[in-house]
Participant: 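Dumping the structure here so I can ask a few things about it.
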Amino acid sequence: MTTVQELPKAYEPSQHEAAIYRLWEEGGYFQPRGDPQKPPFCIVMPPPNVTGALHMGHALTDTLEDVLVRWHRMKGEPTLWLPGVDHAGIATQNVVERELAKEGLSRHDLGREAFLQRVWEWAQRTRATITQQHRRLGASCDWTRERFTLDEGPSRAVRTTFVRLYHDGLVYRGERIINWCPRCRTALSDLEVEHQEHDGRLWFVRYPLLDDQGRPTDQFIVVATTRPETIVADVAVAVNPQVERWRPLIGRRCLVPVVGRPVPIIADEAVDPRFGTGALKITPGHDALDFEIGERHRLPAIVSIGPDGRMNEQAGPLAGLDRFEARKEMARRLQELGLLEREEAHRHSIGHCQRCGTIVEPIVSEQWFVRMRPLALPAVRAVREGRVRIVPRRFVRIYLHWLENIRDWCISRQLWWGHRIPAWYCGACGAVTVPPRDDPMRDPQRCGACGSPDLRQDEDVLDTWFSSALWPHSTLGWPDDTEDLRRFYPTSVLETGYDILFFWVARMVMMGLYNTGQVPFRYVYLHGLVRDPHGRKMTKSLGNVVDPLEAVDRYGCDALRYVLATGAAPGNDMRLSAEKLEGGRNFANKVWNAGRFVVQALAEHLAPGEKVEAPSGRRRRSLPLEDRWILSRLHQTIGRVERLLRQFQIGEAGKRLHEFFWGELCDWYLEMAKVRLRQGDRDALAVLAYALDMSLRLLHPFMPFVTEALWQRLRPHLAWAETEALIAAPWPRARRSWLDSEAERQMGLVMGVVRAMRNLRAEWRVEPGRWVEAFVASPEAGVLAGLAPAVEALARARPLHISPDPASLPAQGAATAVLPGAQVALPLAGLVEVERERERLQRQLQEAEREVEGLARRLAQAEFRARAPAQVVAREEERLAAARQRLEGLRRRLQALG
RNA sequence: GGGCGAUUAGCUCAGCGGUAGAGCGUCUCGCUUACACCGAGAAGGUCGGAGGUUCGAAUCCUCCAUCGCCCACCA
């Protein structure tokens with residue numbers, strides 16, 4: 001038998017967490033069970049990168065998803081939370097390359113195969129770490145279904161998708177302007193480029209005009225540029241035809257400075273007439289806008305910057321220079337030639353590589369692209385039509401705006417770590433061969449165009465987000481028609497940070513629809529960023545990163561989870577601090593101690609093997625007031641929590657539970673029940689056990705460990721316990737029959753009386769331990785009399801005189817309080833000064849007068865009565881009546897004082 | 001250049017059309033047999049500013065201010 005001696009006074013998370021997690025995992029609770037009649041619930045976990053360890057963002061993800069998953073599991077739905085990890089192509093390759101650099105090696109020193117071997121080793125290690133970390137965070141995901149993006153299944157999904165897109169004409173290879181990171185030496189998608197403001201310069205450069213015969217004149221057209229080194233790749237100068245000043249020059253030619261190449265002056269509306277001189281040098285090889293203008297005017301693209309960021313042989317006099325040295329050198333030469341009109345300071349934003357911070361170079365290069373428009377359309381419709389719902393709603397507009405303005409996605413990466421592109425090039429005719437649609441896994445043996453066996457597979461790999469985009473269906477078995485896929489797809493909720501709405505969420509909707517014809521998930525829940533106590537982003541360089549496991553070690557997993565779950569509204573960032581974690585720890589401790597008290601009471605009052613029966617609905621009316629009250633409050637709370645969780649108001653639900661558990665169950669019911677328990681009252685014992693059980697169930701998704709630890713000790717005493725473990729216990733159902741507004745009203749009166757007595761005691765400095773005589777007068781004396789023992793105990797008021805007659809209160813020498821529905825007096829001879837008491841009551845009288853006045857004024861307004869809902873009017877009238885009652889009482893007390 | 005969010009008690013944040021809330025902090029008491037990771041009590045807010053809609057606005061609309069974020073072909 002469990003006794004209180006076995007339960008320590010303070011909750012020690014470290015003594016329970018590992019064992020409880022083992023209990024769950026070994027019990028098979030993480031695998032989908034539940035009622036096959038009910039709709040299944042499924043979340044596919046956003047796969048953390050195998051770059052290293054989990055951070056607070058992952059802890060937040062785990063917490064929110066685990067809350068949803070545990071809630072649905074307890075509702076008896078077949079529930080699957082599918083975990084996984086992401087190979088994170090460029091990020092992981094960079095990490096391993098940095099490791100190699102410590103040994104003085106580059107990936108090229110090792111060669112592709114040996115390098116990949118190193119990355120695999122790294123990935124296996126971090127995978128193990130990550131898996132362990134999820135467990136420490138209490139994640140109840142199904143480890144038997146864990147997936148890795150490079151696993152056979154997801155890899156087959158990737159290849160199948162690429163092949164189908166190719167044959168549908170939605171994947172193509174072409175020379176386009178892309179973002180190039182000279183350090184990572186790979187192409188990047190637009191999303192992988194982060195723009196930052198920089199103080200740069202704007203050079204105004206003279207391009208000598210040529211006459212009809214192609215001879216230089218002494219006139220110039222002046223253009224402004226921030227990147228003079230790209231002048232060597234200029235193929236035209238463009239002006240806006242609206243600009244009077246330049247119109248005469250359209251159709252003439254000028255010389256590119258330094259390199260002396262004659263180029264046309266063309267007209268294009270895309271040129272901003274207000275920027276610089278209103279004339280723009282056109283460098284299709286190194287600028288996105290110029291590339292577009294170049295295509296419109298069929299201009300060639302010259303690439304003058306190499307993959308390493310150095311000027312290449314096309315750069316003439318700049319060849320061999322680093323791009324930034326080249327900039328200086330160009331400016332120097334222009335100066336020398338008198339072609340530099342002037343330079344200005346100029347603040348503008350520059351693209352940086354998301355993974356390494358290097359300034360990205362726009363370069364024309366041959367890459368693979370996905371044609372996004374046709375894919376985006378269905379994804380737009382899915383959200384517009386509510387088949388995918390985004391929470392919070394404000395992100396809908398952001399999502400739609402991005403999709404409606406989407407551009408083609410560069411998916412090839414010049415990396416080694418990732419899914420190799422399934423395209424082969426013919427050594428004989430140069431044609432591209434992609435596996436046939438009906439057998440995407442078969443490597444082609446002969447060129448599809450000329451039949452030559454001289455085939456070489458593309459060296460490049462796919463953007464890591466390509467495989468991520470397939471995640472919900474690829475992890476469930478697609479392209480195979482598996483039972484999991486049929487059962488759990490579309491998944492229920494996709495929960496992730498708003499920072500990857502475009503990277504991941506939008507692309508999953510597009511690819512999910514393309515591959516399966518169905519949306520990948522019905523709801524998208526977006527959470528915010530976890531920041532440091534000052535609101536700064538947690539970064540290694542600031543040294544303000546809080547390791548989630550450290551927080552778990554120090555405060556307990558439940559504390560961390562409670563804080564993360566309740567720390568912010570959906571989509572909002574949150575600040576995490578030691579103070580908040582302490583608060584979470586304190587709450588876990590409160591739960592522990594309340595539970596400890598109840599378990600102790602059960603052990604004490606029940607015979608060995610005896611169990612308490614749940615409070616019976618049939619006997620509801622005959623239960624004491626406080627029982628009816630707490631059961632009413634409990635079922636009210638169950639209803640509210642259910643509604644909040646349905647609306648994804650996870651934080652609010654957690655706060656409601658905190659309020660109920662601490663502020664109502666512990667502060668009032670448990671304290672009142674103590675008196676009855678001492679007398680062996682069975683109703684009190686049953687209600688207490690029942691309320692605790694239901695509270696533990698409701699709290700379990702938020703604080704799974706402390707609740708399970710207690711429940712394991714509570715369960716043996718409960719006649720109604722349905723399961724072996726709380727994780728699988730049925731979720732409480734709100735029952736209207738237990739709602740009891742009359743009990744709540746009456747308890748409100750009782751609580752008011754207790755508070756008033758406590759207030760008087762504090763006001764007049766009565767030592768908390770001392771018992772004092774007390775008088776209460778109330779029209780509802782009967783209600784109060786019924787709870788007299790509790791009131792006595794809570795207010796340390798004995799003897800307690802209860803009467804319906806206000807005249808029964810001592811007239812003088814007493815501290816008094818007047819509340820709606822009752823008057824309270826504590827005869828504190830010698831402590832109460834008449835003058836001070838008078839002042840106190842006088843103050844309250846004025847307050848009451850103001851209140852009556854305000855309410856009366858509002859109720860006197862015809863418009864208010866006419867337009868406000870009847871309910872509101874009635875409530876105001878009640879309030880006015882109560883305020884008047886109080887006012888009357890205060891007047892009488894003052895009179896009595898003399 | 002567009003868009004979004006925030007602005008509520010000293011701090012961190014909920015609330016988003018019907019009497020201003022929580023946690024932490026502050027002050028005063030208290031080791032009352034679950035919990036000092038606690039209990040009781042108290043102080044503290046013209047809900048960023050200005051207009052408007054409404055019987056009624058922290059909550060809806062308009063404008064403004066400050067901070068932050070996202071997007072954009074800021075040559």
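We use all heavy atoms of the structure for the numbers below, so side chains are in, but hydrogens, waters and symmetry mates are not. Everything quoted here is computed from the prediction, not taken from an experiment.
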Participant: Please report the distance separating the P of C4(B) from the corresponding atom of C11(B), rounded so that it comes out in whole Å.
Facilitator: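 To the nearest whole Å, 29 Å.
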Participant: With respect to Ile231(A), which candidate in Thr283(A), Val223(A), Leu334(A) satisfies the side-chain contact (heavy atoms from CB on, under 4.5 Å) definition?
Facilitator: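 Answer after filtering Thr283(A), Val223(A), Leu334(A): Leu334(A).
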Participant: Please assess Arg875(A) against Glu878(A) for the test salt bridge (Lys or Arg N to Asp or Glu O under 4.0 Å), listing each intermediate value before the final yes or no.
Facilitator: CA-CA 5 Å; Arg875(A) 200 168 43 229; Glu878(A) 265 170 48; over 6 Å; no
Participant: Roughly, in whole Å, what's the span from NE2 in His534(A) to P in G68(B)?
Facilitator: 16 Å
Participant: Could you check Arg765(A) against Leu280(A) and say which one's nearest nucleotide on RNA chain B is further toward the 5' end?
Facilitator: Arg765(A)
Participant: I'd like the C1' distance from G44(B) over to G3(B), given in whole Å.
Facilitator: 38 Å
Participant: In whole angstrom, what separates Glu767(A)'s CD from G39(B)'s P?
Facilitator: 22 Å
Participant: Ignoring backbone atoms, establish whether Arg879(A) has a side-chain N or O less than 4.0 Å from OP1 or OP2 of U19(B).
Facilitator: yes
Participant: Stepwise, does the salt bridge (Lys or Arg N to Asp or Glu O under 4.0 Å) test hold for Arg296(A) with Asp268(A)?
Facilitator: CA-CA 9 Å; Arg296(A) 262 203 292 279; Asp268(A) 199 289; 2.9 Å; yes
Participant: Mind checking if Arg865(A) touches a base, just sugar-phosphate, or nothing, with heavy atoms under 4.0 Å?
Facilitator: nothing
Participant: Do other residues, nucleotides or ligands put more than 12 heavy atoms under 6.0 Å from the CZ atom of Arg640(A)?
Facilitator: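 At most 12 heavy atoms, drawn from other residues, nucleotides or ligands, come within 6.0 Å of this atom.
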Participant: Below 4.0 angstrom from OP1 or OP2 of C4(B), is there any side-chain N or O of Arg397(A)?
Facilitator: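 True: Arg397(A) side-chain N/O within range (under 4.0 Å) of C4(B) OP1/OP2.
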Participant: In this structure, is the centre-to-centre distance between the rings of Trp592(A) and His16(A) below 6.0 Å?
Facilitator: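 Yes, they do, as the ring centres are separated by less than 6.0 Å.
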Participant: Quick one: the side chain of Lys9(A) and the base of C35(B), do they pair up donor-acceptor inside 3.5 Å?
Facilitator: no
Participant: Does G68(B) have OP1 or OP2 sitting under 4.0 Å from an N or O in the side chain of Arg536(A)?
Facilitator: no
Participant: Classify the nucleic acid contact of Lys674(A) as base, sugar-phosphate or nothing, counting any heavy atom under 4.0 Å across all strands shown.
Facilitator: base
Participant: Select base, sugar-phosphate, or nothing to describe what Arg575(A) touches, counting heavy atoms under 4.0 Å on all strands.
Facilitator: sugar-phosphate
Participant: Please measure how far the C1' atom in A43(B) lies from the corresponding atom in G56(B), and state the result in whole Å.
Facilitator: 30 Å
Participant: Going through the distances and angles, do Val824(A) and Thr816(A) end up as a side chain to side chain contact (heavy atoms under 4.5 Å, CB included)?
Facilitator: CA-CA 5 Å; Val824(A) 176; Thr816(A) 59; over 6 Å; no
Participant: Can we call the ring centroids of Tyr498(A) and His527(A) under 6.0 Å apart?
Facilitator: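 Tyr498(A) vs His527(A): aromatic centres not under 6.0 Å.
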Participant: Identify the nucleotide, in any strand shown, that forms a Watson-Crick or G-U wobble pair with G41(B), with both distances under 3.5 Å; if there is none, say none.
Facilitator: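 Pairing partner, where one exists within any strand: C27(B).
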Participant: Both distances below 3.5 Å, Watson-Crick or wobble geometry, any strand: find the nucleotide opposite C13(B).
Facilitator: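 Its partner is G21(B).
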Participant: Counting any heavy atom closer than 4.0 Å, what does Arg761(A) reach on the DNA or RNA strands: base, sugar-phosphate only, or nothing?
Facilitator: nothing
Participant: Under the criterion side chain to side chain contact (heavy atoms under 4.5 Å, CB included), I'd like the reasoning laid out for Met574(A) against Leu564(A): C-alpha separation, chi angles, the key distance, then a yes or no.
Facilitator: CA-CA 8 Å; Met574(A) 86 174 74; Leu564(A) 290 175; 4.1 Å; yes
Participant: Strictly by Watson-Crick or wobble contacts shorter than 3.5 Å, is anything paired with C35(B), and which nucleotide is it?
Facilitator: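 Matched C35(B) with nothing under the 3.5 Å cut-off.
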Participant: Check the phosphate of A34(B) against Arg596(A), side-chain N and O only, distance under 4.0 Å to OP1 or OP2. Yes or no?
Facilitator: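 Answer is no, no contact under 4.0 Å.
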Participant: Below the 4.0 Å mark, does G39(B) have OP1 or OP2 next to a side-chain nitrogen or oxygen of Lys590(A)?
Facilitator: yes
Participant: Give the rounded distance in Å between these two atoms: CZ of Arg875(A) and P of G56(B).
Facilitator: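 Atom CZ in Arg875(A) sits about 17 Å away from atom P in G56(B).
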Participant: Take atom CZ of Arg884(A) as the centre, draw a 6.0 Å sphere, and report whether it contains more than 12 heavy atoms from other residues, nucleotides or ligands.
Facilitator: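 Atom CZ in Arg884(A) is not crowded, with 12 or fewer foreign heavy atoms closer than 6.0 Å.
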Participant: Report yes if at least one side-chain N or O of Asn586(A) is closer than 4.0 Å to OP1 or OP2 of C38(B); otherwise report no.
Facilitator: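 Asn586(A) to C38(B) OP1/OP2: side-chain N or O found under 4.0 Å.
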Participant: Starting from the 5' end of RNA chain B, give me the residue, Arg227(A) or Ala569(A), whose nearest nucleotide shows up first.
Facilitator: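 The residue closer to the strand's 5' end, by nearest nucleotide, is Ala569(A).
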Participant: Ignoring hydrogens and angles, answer whether the base of A34(B) and the side-chain atoms of Glu671(A) contain a donor-acceptor pair closer than 3.5 Å.
Facilitator: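 A donor-acceptor contact between them is present.
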Participant: Contact class for Trp662(A) (heavy atom, under 4.0 Å): base, sugar-phosphate, or nothing?
Facilitator: sugar-phosphate
Participant: Can you tell me which nucleotide in C24(B), U33(B), A75(B) comes closest to the side chain of Glu579(A)?
Facilitator: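 Among C24(B), U33(B), A75(B), the one nearest the side chain of Glu579(A) is C24(B).
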Participant: Scan Gln861(A) against the nucleic acid and name what it touches under 4.0 Å (heavy atoms): base, sugar-phosphate only, or nothing.
Facilitator: sugar-phosphate
Participant: Mind checking if Arg407(A) touches a base, just sugar-phosphate, or nothing, with heavy atoms under 4.0 Å?
Facilitator: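 Sugar-phosphate, backbone atoms only, no base.
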Participant: Students often get this wrong, so: under 4.0 angstrom with heavy atoms, is Val598(A) touching a base, only sugar-phosphate, or nothing?
Facilitator: nothing
Participant: His658(A) side chain N/O closer than 4.0 Å to the phosphate oxygens (OP1, OP2) of A22(B)?
Facilitator: no
Participant: For the P atoms, the ones on C47(B) and on A20(B), what distance do you get once it is rounded to whole angstrom?
Facilitator: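 Those two atoms are separated by 11 Å.
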Participant: Is it the case that atom CD in Gln679(A) sees more than 12 heavy atoms from other parts of the structure closer than 6.0 Å?
Facilitator: yes
Participant: Quick one: look up who A6(B) pairs with, Watson-Crick or G-U, both distances under 3.5 Å, and put none if it's unpaired.
Facilitator: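 A6(B) is paired, partner U66(B).
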Participant: With rounding to whole Å, what would you report as the distance between U32(B) and A9(B) at their C1' atoms?
Facilitator: 31 Å
Participant: Determine the contact category for Ala868(A): base if any of its heavy atoms lies under 4.0 Å from a base atom, sugar-phosphate if only primed atoms, P, OP1 or OP2 are that close, otherwise nothing.
Facilitator: base
Participant: Please report, rounded to the nearest Å, how far the C1' atom of G18(B) is from the CG atom of Leu880(A).
Facilitator: 16 Å
Participant: Send over the distance from Leu400(A) CG to G2(B) C1', rounded to a whole Å.
Facilitator: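 The distance from CG of Leu400(A) to C1' of G2(B) comes to 16 Å, rounded to the nearest Å.
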Participant: Side chain of Lys580(A) only, please: which of U12(B), G5(B), A34(B) is the nearest?
Facilitator: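 Within the option list, the nearest is U12(B).
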Participant: Hey, does Ile293(A) reach any base, or is it just sugar-phosphate, or nothing, if we go heavy atoms under 4.0 Å?
Facilitator: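 Since no nucleic acid heavy atom lies under 4.0 Å of Ile293(A), the category is nothing.
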Participant: Expressed as a whole number of Å, how far does the C1' atom of G17(B) sit from that of U59(B)?
Facilitator: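 About 6 Å, rounded to a whole number of Å.
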Participant: What's Ala288(A) touching, base or sugar-phosphate or nothing? Going by heavy atoms closer than 4.0 Å.
Facilitator: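 Answer is nothing: Ala288(A) stays at 4.0 Å or more from every strand.
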Participant: Just checking Ala862(A): base, sugar-phosphate only, or nothing, at a heavy-atom cut-off of under 4.0 Å?
Facilitator: nothing
Participant: What contact category does Tyr498(A) fall into here, base, sugar-phosphate, or nothing, at under 4.0 angstrom with non-hydrogen atoms?
Facilitator: nothing
Participant: Pick the C1' atom in C16(B) and in U7(B), then give their distance to the nearest Å.
Facilitator: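 To the nearest whole Å, 14 Å.
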Participant: Pro533(A) near the nucleic acid: base, sugar-phosphate alone, or nothing, with a heavy-atom cut-off under 4.0 Å?
Facilitator: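 If one applies the 4.0 Å heavy-atom cut-off, Pro533(A) turns out to touch nothing in the nucleic acid.
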Participant: Between Asn759(A) and A40(B), does any side-chain N or O lie under 4.0 Å from OP1 or OP2?
Facilitator: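 No.
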Participant: Checking contacts here: which listed nucleotide (G15(B), U32(B), A34(B)) is nearest the side-chain heavy atoms of Gln649(A)?
Facilitator: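 Among the listed nucleotides, the one closest to the side chain of Gln649(A) is G15(B).
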Participant: What is the distance from CG of Asn179(A) to C1' of C73(B), rounded to the nearest Å?
Facilitator: 12 Å
Participant: In whole Å, what separates the P atom of C70(B) from that of C64(B)?
Facilitator: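 These two P atoms come out 23 Å apart once rounded.
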Participant: Using purine N1 to pyrimidine N3 plus N6-O4 or O6-N4 for Watson-Crick, or N1-O2 and O6-N3 for G-U wobble, each under 3.5 Å, what pairs with U54(B)?
Facilitator: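 With both distances under 3.5 Å required, U54(B) matches none.
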